[in-house]
Colleague: 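Got a structure here, written out as structure tokens. Questions coming.
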Amino acid sequence: MGLREIQTGVFGDPANTGVVSRETSVPLPAATEAPAATEAPAAKKPGKGKNVLETMDDSSPLGRELASEAKRREKLSGKELPKPSSTRIMTISNQKGGVGKTTTTVNIAAALATAGLQVLVIDIDPQGNASTALNIDHHADVDSIYDVLIDDVPLGDVVARCPDVPNLICAPATIHLAGAEIELVSLVAREQRLRRAIDVYARERESKGEPRLDFVFIDCPPSLGLLTVNAFVAAQEVLIPIQCEYYALEGLSQLLKNIEMIQKHLNADLVVSTILLTMYDGRTNLAAQVAAEVREHFPQQVLKAVVPRSVRISEAPSYQQTVMTYDPSSSGALSYQEAAAEIASRS
């Protein structure tokens, strides 16, 4: 079924219809402004003891959105996320750039770690954006995942703690990774090196009496080179962020073919377990059409949570933070909390 055959405005999950960050919403029309001081008040003042949301007129778009967010937050408040029975290793990948791979990696990792789970982020993208967002040093003189892959340095020697989020550690990427694709070609077991490093690190933690890792997230570059192949071989699950635009669907089919090749030849246990819709704008028909298309073809994998376009999500990395710490009350942070809770519940 093609995009044109889908009715405009259709969205697989009615609860997500109209999802858009209030930071990007259009301003309210002038008619909704408060009346002049000389006019009689149009409504009673909120009564004592009443919540502002209880007295808000939900007939306006902003009112409806705030009321919806309040219900979603109430659903999440106090919810304890289950620990998986064994460490879940997830590769976040999409060959199309700019779909929110790194943003999804760091924010879901931060949400799970904030909930008390032990989380490791492995940054194998030479740009090092995940390391930046987690406020981890990744200049050229720092030991990084490059040293682990090329020089067999133990993973435990390069991981660093995220200063803003407890229970979250990161193996940073440096610019040296840009040449790692060529250097890996001549090495023994070149596709297995990351997998072995993670296994050794897990045994080291156990021998030292440190808590077991609950989640390992591997942030990939937007290409299918040896770095991405290492990530696929090391993982059991693939998480695919999909931008709600037409080009995203074209890139998805090629990505699935590549994953199928990895399954046949290198890692038979690899599965596409999770798909997350990102940059969703409920004001456009195209976003709804793309979302409906993806949900139709992958009903079990697509999360109910949808990440809207959000100014706060875009701003957070410039302060070396995730949106979870930069603005925990934003709609973007709420969406990633919901996504993290869904992923944890699937363990």
Side-chain angles (χ1 to χ4, degrees), residues 19-25 27 53 62 65-66 68-79 81 90 92 97-123 125 127-139 142 159-173 215 217-219 239 241 243-244 276-282 303 305-344:
V19 175
V20 60
S21 168
R22 62 176 177 271
E23 292 104 19
T24 56
S25 298
L53 289 174
L62 181 58
E65 184 182 349
L66 291 175
S68 173
E69 282 191 16
K71 290 177 183 176
R72 289 161 62 197
R73 289 185 196 285
E74 188 178 352
K75 210 172 178 181
L76 285 173
S77 66
K79 184 176 181 180
L81 301 186
M90 304 184 75
I92 291 79
V99 299
K101 288 187 302 296
T102 298
T103 300
T104 294
T105 301
V106 297
N107 284 297
I108 288 181
L112 291 169
T114 303
L117 302 181
Q118 301 292 326
V119 183
L120 165 65
V121 171
I122 298 177
D123 188 0
D125 187 342
Q127 296 178 88
N129 292 334
S131 307
T132 298
L134 296 177
N135 198 11
I136 306 294
D137 284 339
H138 60 104
H139 52 79
V142 170
V159 296
R161 297 205 166 272
C162 175
D164 302 315
V165 183
N167 307 321
L168 179 56
I169 55 177
C170 174
F215 284 89
F217 292 102
I218 307 173
D219 184 34
L239 188 162
Q243 184 181 6
C244 292
L276 177 63
L277 298 170
T278 63
M279 303 181 190
Y280 183 81
D281 190 340
L303 297 178
V306 175
V307 179
R309 288 192 177 275
S310 168
V311 174
R312 294 293 182 237
I313 291 177
S314 302
E315 286 176 347
S318 64
Y319 293 89
Q320 294 188 314
Q321 293 185 59
T322 65
V323 75
M324 308 304 301
T325 55
Y326 175 67
D327 188 356
S329 64
S330 66
S331 57
L334 175 60
S335 295
Y336 275 118
Q337 281 180 314
E338 290 175 326
E342 271 192 81
I343 290 171

Colleague: Does some side-chain heavy atom of Ile108 sit less than 4.5 Å from a side-chain heavy atom of Leu239?
Modeller: yes
Colleague: How long is the gap from CG on Asn135 to OG1 on Thr322, to the nearest 0.5 Å?
Modeller: 10.5 Å
Colleague: Please report the closest heavy-atom contact between Met324 and Ala110, naming both atoms and the distance.
Modeller: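 Minimum heavy-atom contact is CG-CB, 3.8 Å.
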Colleague: Can you list everything that forms a side chain to side chain donor-acceptor pair (under 3.5 Å) with Ser131? Sequence neighbours excluded, please.
Modeller: Asp123
Colleague: What's the shortest heavy-atom distance between Gly100 and Met279, and which atoms?
Modeller: N-CE, 3.9 Å
Colleague: Atom CG in Leu276, atom OG in Ser335: separation rounded to 0.5 Å?
Modeller: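 The distance works out to 9.0 Å.
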Colleague: Under the salt bridge (Lys or Arg N to Asp or Glu O under 4.0 Å) rule, what pairs show up with a residue in residues 107-118, not counting sequence neighbours?
Modeller: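 Qualifying pairs, neighbours excluded: none.
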Colleague: Do Asp164 and Gln321 come close enough that some side-chain heavy atom pair is under 4.5 Å?
Modeller: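 Yes, at least one pair of side-chain atoms sits under 4.5 Å.
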Colleague: Can you list every salt bridge (Lys or Arg N to Asp or Glu O under 4.0 Å) pair that touches residues 329-342, not counting sequence neighbours?
Modeller: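 The answer is Arg72-Glu338.
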Colleague: Taking all heavy atoms of Ala111 and all of Tyr336, pick out the closest pair and write down the distance.
Modeller: CB-O, 4.2 Å
Colleague: Do you know which two heavy atoms are closest between Ser331 and Pro308, and how far apart they sit?
Modeller: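 Taking Ser331 first and Pro308 second, the nearest heavy atoms are OG-CG, 4.3 Å.
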Colleague: Go through the steps to decide whether Met90 and Ile343 satisfy the test side chain to side chain contact (heavy atoms under 4.5 Å, CB included), and finish with yes or no.
Modeller: CA-CA 11 Å; Met90 304 184 75; Ile343 290 171; 4.1 Å; yes
Colleague: Hey, are the side chains of Ile313 and Val307 touching, using non-hydrogen atoms and a 4.5 Å cut-off?
Modeller: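 When only atoms from C-beta onward are counted, Val307 and Ile313 do touch, with a gap below 4.5 Å.
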Colleague: Can you name the closest pair of heavy atoms from Ala109 and Val121 and give their distance?
Modeller: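 Minimum heavy-atom separation between Ala109 and Val121: CB-CG2, 3.5 Å.
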Colleague: Does Asn107 use its side chain to pair, donor to acceptor, with the backbone of Val323 at less than 3.5 Å?
Modeller: yes
Colleague: For Asn167, give me all partners under side chain to side chain donor-acceptor pair (under 3.5 Å), at least two apart in sequence or on another chain.
Modeller: Gln118
Colleague: Would you say the side chain of Val159 lies within less than 4.5 Å of the side chain of Leu120, judging by non-hydrogen atoms?
Modeller: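 Yes. Closest side-chain heavy atoms under 4.5 Å.
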Colleague: Considering residues at least two apart in sequence or located in another chain, which fulfil the side chain to side chain donor-acceptor pair (under 3.5 Å) criterion with Glu315?
Modeller: Arg312, Tyr326
Colleague: Just so I know, are the side chains of Ile92 and Pro241 near enough to count as touching, which here means a heavy-atom distance under 4.5 Å?
Modeller: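 With C-beta onward as the side chain, the pair touches.
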Colleague: Can you name the residues that form a side chain to side chain donor-acceptor pair (under 3.5 Å) with Thr132, not counting sequence neighbours?
Modeller: His138
Colleague: What is the minimum heavy-atom distance between Cys170 and Pro172, and which atoms define it?
Modeller: O-CD, 3.4 Å
Colleague: Out of curiosity, Asp219 CG to Thr105 OG1, how far, rounded to the nearest 0.5 Å?
Modeller: 4.0 Å
Colleague: Side chain to side chain contact (heavy atoms under 4.5 Å, CB included) with Leu168: which of Leu134, Thr114, Ile136?
Modeller: Leu134
